[in-house]
Amino acid sequence: MSAGATGVGSLPGGDAREAAKTATGSFEDFPYLPELPARGPGADMIGRSIGLLVDMYAHVEPSGWRISDRPGRDTRRARSWLGEDLDALEEFTQGYTGRLKVQAVGPWTLAAALELHGGEAMLQDAGACRDLAGSLAEGLREHLADVRKRIPGTDVVLQLDEPSLTAVLLGRVRSASGYRTYRAVDRQVVEGTLRDLFAVHDGEVIVHSCAPEVPFGLLRRAGAAGVSFDFSLLTEREDDAIGEAVEGGTKLFAGVVPGTDGPLSDPGGSVMGVRKLWRRLGLAPGTLAESVVVTPACGLAGASPAYARAVQAHCVRAARSLADNPE
């Protein structure tokens, strides 16, 4: 069974129906709920996830999203756009049974992006981080129930976007002034928070990061069913952690196709690196197709609409090439 191909999340433009049509048409076996950040604040990945929070609100300041005491226009706009996107997806998935991916920002990237009243990131306050994770868990539970009700018969895969996770673990997130960084968060705390959050979904949860040094081992221990990453940023330092993850049953969502406009190689060439990695790790070629899902390297918000469509079709062909010729 081929694990196939899917998208990461964002697409260019602002038309929800067009985006849903592209995401479901390109990936007939593994569509996803598209995000359209070009619409403005609230459609960006941070704003969209803030719209999911329960009893916690935020508004847009020039510096970014800041916590509020009550829901305002920005939160309402985020919720309204998500509703529009779900309506469009529902329309194009009538009668669909199979895997369907939805994305939300994970608790650590959200804590690094969301400002407290004074302007510092929530990340600096352990209690605020706990409250945020709890609010996100509640919101995700409701969101997943809504998706299942709208599109019954699907196997929902939840993707948590955590591009700031490595910076949080290594103490690299910059303070409001930019002159200092917040203290690194203890690995046990990070892992425990993620484990609790993964538990809100009884299906597969995968974590996406297109930053370097993805913590594969930590994500596997926290219970992620898969890790989505930019394949071009891997170094041989990650080999052991990846080998262990694959042998433990973790799926690799390998971002092998650039997310911004450029020439596309042949589909087989796009997955050449994945085949080489398998050989280097001494893994059986026969396991490639079930362990690897082919995706773009990151979201496609910065691509032209034509390139975004071409990349998604390319990912499907590259996945087929991997399944047909694992050697």
Side-chain angles (χ1 to χ4, degrees), residues 8-9 45-46 49-50 52-54 56 101-114 121-141 143-144 156-174 181-230 233-235 237-255 291 293:
V8 171
M45 67 182 212
I46 298 293
S49 297
I50 284 167
L52 292 173
L53 298 175
V54 171
M56 197 177 268
K101 183 166 73 66
V102 298
Q103 307 82 223
V105 175
W108 295 108
T109 296
L110 213 47
L114 190 49
M122 209 172 233
L123 190 63
Q124 74 163 22
D125 181 334
C129 288
R130 275 194 300 277
D131 293 346
L132 178 65
S135 171
L136 181 61
E138 275 310 295
L140 282 172
R141 206 173 271 127
H143 178 48
L144 292 163
V156 180
V157 175
L158 170 64
Q159 171 181 310
L160 292 172
D161 292 315
E162 281 283 17
S164 303
L165 184 60
T166 302
V168 166
L169 289 165
L170 298 177
R172 291 182 187 159
V173 178
R174 295 212 160 276
T181 52
Y182 298 114
R183 194 183 301 127
V185 181
D186 181 270
R187 295 183 84 83
Q188 245 64 49
V189 173
V190 170
E191 191 182 312
T193 302
L194 289 172
R195 186 180 295 113
D196 292 347
L197 196 62
F198 295 171
V200 306
H201 183 41
D202 53 13
E204 286 187 309
V205 179
I206 67 167
V207 175
H208 168 73
S209 168
C210 42
E213 302 172 74
V214 174
F216 288 94
L218 181 145
L219 294 173
R220 181 175 61 89
R221 288 192 303 276
V227 181
S228 166
F229 58 98
D230 179 343
L233 298 176
L234 279 190
T235 65
R237 281 203 305 275
E238 276 110 349
D239 278 9
D240 290 348
I242 289 180
E244 272 171 37
V246 170
E247 284 172 345
T250 307
K251 283 198 174 71
L252 301 183
F253 284 65
S291 300
V293 179

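For the atom pair Phe253 CZ and Lys101 NZ, the distance stands at 7.5 Å (nearest 0.5 Å). Rounding to the nearest 0.5 angstrom, the gap separating the CG atom in Leu194 from the CD atom in Glu162 is 6.0 Å. Rounding to the nearest 0.5 angstrom, the gap separating the CZ atom in Arg130 from the OG atom in Ser135 is 14.5 Å. The OG atom of Ser209 sits 9.0 Å away from atom CG of Asp161, with the distance rounded to the nearest 0.5 Å. Rounding to the nearest 0.5 angstrom, the gap separating the OG1 atom in Thr181 from the CD atom in Gln124 is 12.0 Å. Once rounded to the nearest 0.5 Å, the distance linking CZ of Phe198 with CD of Glu204 reads 12.5 Å.
Closest of all the heavy-atom pairs between Ala104 and Leu52 is CB-CD1, 4.0 Å. When every heavy atom of Val173 is checked against every heavy atom of Ala112, the shortest pair comes out as CG1-CB, 4.0 Å. Nearest approach of Ala184 to Leu170, heavy atoms of both residues: CB-C, 3.9 Å. Closest heavy-atom contact between Ala121 and Ala111: CB-O, 3.7 Å. Of all heavy-atom pairs spanning Pro215 and Arg187, the tightest one is CB-NH2, 4.2 Å. Smallest separation of non-hydrogen atoms from Val200 and Ala137: CG1-CB, 3.6 Å.
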Margin query: If you apply the rule side-chain contact (heavy atoms from CB on, under 4.5 Å), what do you find for Ile50 with Val105, and how did you get there?
Written below: CA-CA 9 Å; Ile50 284 167; Val105 175; over 6 Å; no
Note to self: Between Tyr182 and Asp125, is the side-chain contact (heavy atoms from CB on, under 4.5 Å) condition met? List the steps.
What the structure shows: CA-CA 10 Å; Tyr182 298 114; Asp125 181 334; over 6 Å; no
Check: Going through the checks in order, is the side-chain contact (heavy atoms from CB on, under 4.5 Å) test met by Val227 and Val214?
Finding: CA-CA 9 Å; Val227 181; Val214 174; 3.8 Å; yes
Checklist line | Worked check of side-chain contact (heavy atoms from CB on, under 4.5 Å) between Val54 and Leu136 | finding: CA-CA 7 Å; Val54 171; Leu136 181 61; over 6 Å; no
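Taking a cutoff of 4.0 Å between a charged side-chain nitrogen and a carboxylate oxygen, Arg195 and Glu191 qualify as a salt bridge.
A donor-acceptor contact shorter than 3.5 Å is absent between the side chain of Gln159 and the backbone of His208. Remark: side-chain polar atoms of Thr109 are paired, donor with acceptor, to backbone N or O of Ser164 under 3.5 angstrom. Thr250 places no side-chain N or O within donor-acceptor distance of the main-chain N or O of Val246, the cut-off being under 3.5 Å. In this structure, the side chain of His201 engages the main chain of Val156 through a donor-acceptor pair within 3.5 Å.
At least one side-chain heavy atom of Leu234 sits under 4.5 Å from a side-chain heavy atom of Ile242. When side chains are defined from C-beta on, Ser291 does not count as touching Leu252, because their heavy atoms never get closer than 4.5 Å. In this structure the side chain of Met56 reaches within 4.5 angstrom of the side chain of Asp131, judged on heavy atoms. Between Met45 and Pro163, the closest side-chain pair of non-hydrogen atoms falls below 4.5 Å. Between Phe216 and Asp240 the shortest side-chain heavy-atom distance does not fall below 4.5 Å. Counting heavy atoms from C-beta on, the side chains of Thr166 and Pro212 never come closer than 4.5 Å. A heavy-atom distance below 4.5 Å is found between the side chains of Val157 and Ile206. Two residues are said to be in side-chain contact when any heavy atoms from C-beta on lie closer than 4.5 Å; Leu110 and Ile46 meet this criterion.
Take Glu244 and apply the side chain to side chain contact (heavy atoms under 4.5 Å, CB included) test, not counting sequence neighbours, and it matches Arg220.
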